[in-house]
Amino acid sequence: MGEYGVINLEKLYAYKHLFGFFAHQLTYPEKLDFHPSVMDGLAEPADPAYEHIERFWELMHGYSMEEIEEMYVQTFDFQKDSTLYMTYFKFEDSKERGQMLAKLKILYQMFGLDMPDRELSDYLP
């Protein structure tokens, strides 16, 4: 029997630092986010995402900081279907969204995760 639909927690924790890297890349860009030290020890050539991370890093360094900020705003702030708030697209500001946010917060707490006080529980990064 395969593991279809089941999250392999060992692999998840092994690649946690890579998920953290991409989650951080989804926050509003700052100059330090693109400093070479960010890549130090992030991924080894054997990591499945290594080539993708390298390509992403190369592409991002082809843009100015102003262009990166503009792309971020155009993508995540002005496009309803690419918002970083996962429940907004479906529920917008309805009562159901509030209920879903409360359920997500409880679910995160059940798995030992803490939500930052200043963010909603559906904030993707």
Side-chain angles (χ1 to χ4, degrees):
M1 198 176 231
E3 292 186 33
Y4 181 78
V6 177
I7 296 174
N8 182 330
L9 291 177
E10 286 181 30
K11 281 190 177 181
L12 179 68
Y13 288 120
Y15 297 121
K16 184 178 179 179
H17 63 289
L18 296 175
F19 288 118
F21 167 77
F22 282 111
H24 190 73
Q25 294 300 310
L26 290 173
T27 60
Y28 189 81
E30 297 179 24
K31 194 169 187 167
L32 285 177
D33 296 336
F34 301 98
H35 189 274
S37 66
V38 171
M39 293 294 285
D40 291 345
L42 179 67
E44 302 294 323
D47 287 330
Y50 181 79
E51 290 179 29
H52 302 289
I53 292 170
E54 290 286 313
R55 180 75 178 131
F56 168 79
W57 199 248
E58 287 175 25
L59 288 171
M60 293 308 290
H61 280 88
Y63 296 105
S64 70
M65 196 63 211
E66 186 177 289
E67 290 172 320
I68 292 171
E69 290 168 344
E70 185 177 327
M71 282 190 298
Y72 181 92
V73 170
Q74 287 296 324
T75 303
F76 298 120
D77 292 344
F78 294 144
Q79 302 292 324
K80 180 182 173 187
D81 59 347
S82 62
T83 179
L84 293 174
Y85 294 91
M86 298 181 293
T87 62
Y88 183 79
F89 181 75
K90 182 172 182 176
F91 299 110
E92 292 187 1
D93 287 325
S94 70
K95 178 181 171 184
E96 291 83 10
R97 181 173 183 223
Q99 294 169 344
M100 181 60 73
L101 292 173
K103 288 177 186 177
L104 280 171
K105 187 171 185 173
I106 291 169
L107 188 63
Y108 291 149
Q109 291 171 343
M110 284 175 47
F111 284 94
L113 301 172
D114 293 321
M115 285 299 306
D117 290 334
R118 64 185 190 281
E119 286 299 343
L120 296 174
S121 56
D122 70 339
Y123 184 57
L124 188 58

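We use all heavy atoms of the structure for the numbers below, so side chains are in, but hydrogens, waters and symmetry mates are not.
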Which atoms form the tightest heavy-atom contact between Thr27 and His24, and what is the distance? OG1-O, 2.6 Å
Taking atom CD of Glu92 and atom OG1 of Thr83, what is their separation to the nearest 0.5 Å? 10.5 Å
Which heavy atom of Leu26 sits nearest to which heavy atom of Phe76, and what is that distance? CD2-CZ, 3.6 Å
For Glu67, is the CD atom crowded, meaning more than 12 foreign heavy atoms sit under 6.0 Å from it? yes
Can a donor-acceptor pair be found between the side chains of Tyr72 and Gln25 at a distance below 3.5 Å? no
Inter-residue atom distance Leu42.CG - Phe22.CZ, 0.5 Å rounding: 8.0 Å
Over all heavy atoms of both residues, which pair between Leu18 and Ala43 is shortest? Give the atoms and the distance, please. CD2-CB, 3.9 Å
Take Leu104 and Thr87 through the side chain to side chain contact (heavy atoms under 4.5 Å, CB included) test and state the conclusion after the steps. CA-CA 10 Å; Leu104 280 171; Thr87 62; 4.2 Å; yes
Leu101 side, atom CG; Lys103 side, atom NZ - distance, nearest 0.5 Å: 11.0 Å
Show the nearest heavy-atom pair for residues Pro29 and Phe34, with the distance to one decimal. CB-CE1, 4.0 Å
Side-chain donor-acceptor pair present, Ser94, Glu96, cut-off under 3.5 Å: yes
At their closest point, which heavy atom of Tyr15 faces which heavy atom of Pro48, and how far apart are they? OH-CD, 3.4 Å
Arg97 side chain reached by Leu120 side chain, heavy atoms, under 4.5 Å: yes
Mind checking whether Phe56 and Ile53 sit in one hydrophobic cluster, side chains of I, L, V, M, F, W, Y counted as touching below 4.5 Å? yes
CD-CD distance between Glu58 and Glu54, expressed to the nearest 0.5 angstrom: 6.5 Å
Distance col, row Glu30:CD vs Ile68:CD1, nearest 0.5 angstrom, shows 12.0 Å
Enclosure of Gln74 CD (heavy-atom neighbours >12, cutoff 6.0 Å): yes
Please name the pair of heavy atoms, one in Val38 and one in Leu32, separated by the smallest distance, quoted to 0.1 Å. CG2-O, 3.5 Å
Side chain to side chain contact (heavy atoms under 4.5 Å, CB included), that's the test. Do Glu119 and Tyr85 meet it? Break it down for me. CA-CA 10 Å; Glu119 286 299 343; Tyr85 294 91; 3.1 Å; yes
Counting neighbours of CG on Leu59 that are heavy atoms of other residues, nucleotides or ligands and sit closer than 6.0 Å, is the number greater than 12? yes
Would you indicate whether the side-chain heavy atoms of Met100 and Asp122 approach each other to under 4.5 Å? no
Please check if the number of heavy atoms outside Tyr63 that lie under 6.0 Å from its OH is greater than 12. no
Can you tell if the side chain of Gln99 reaches within under 4.5 Å of the side chain of Phe91, non-hydrogen atoms only? no
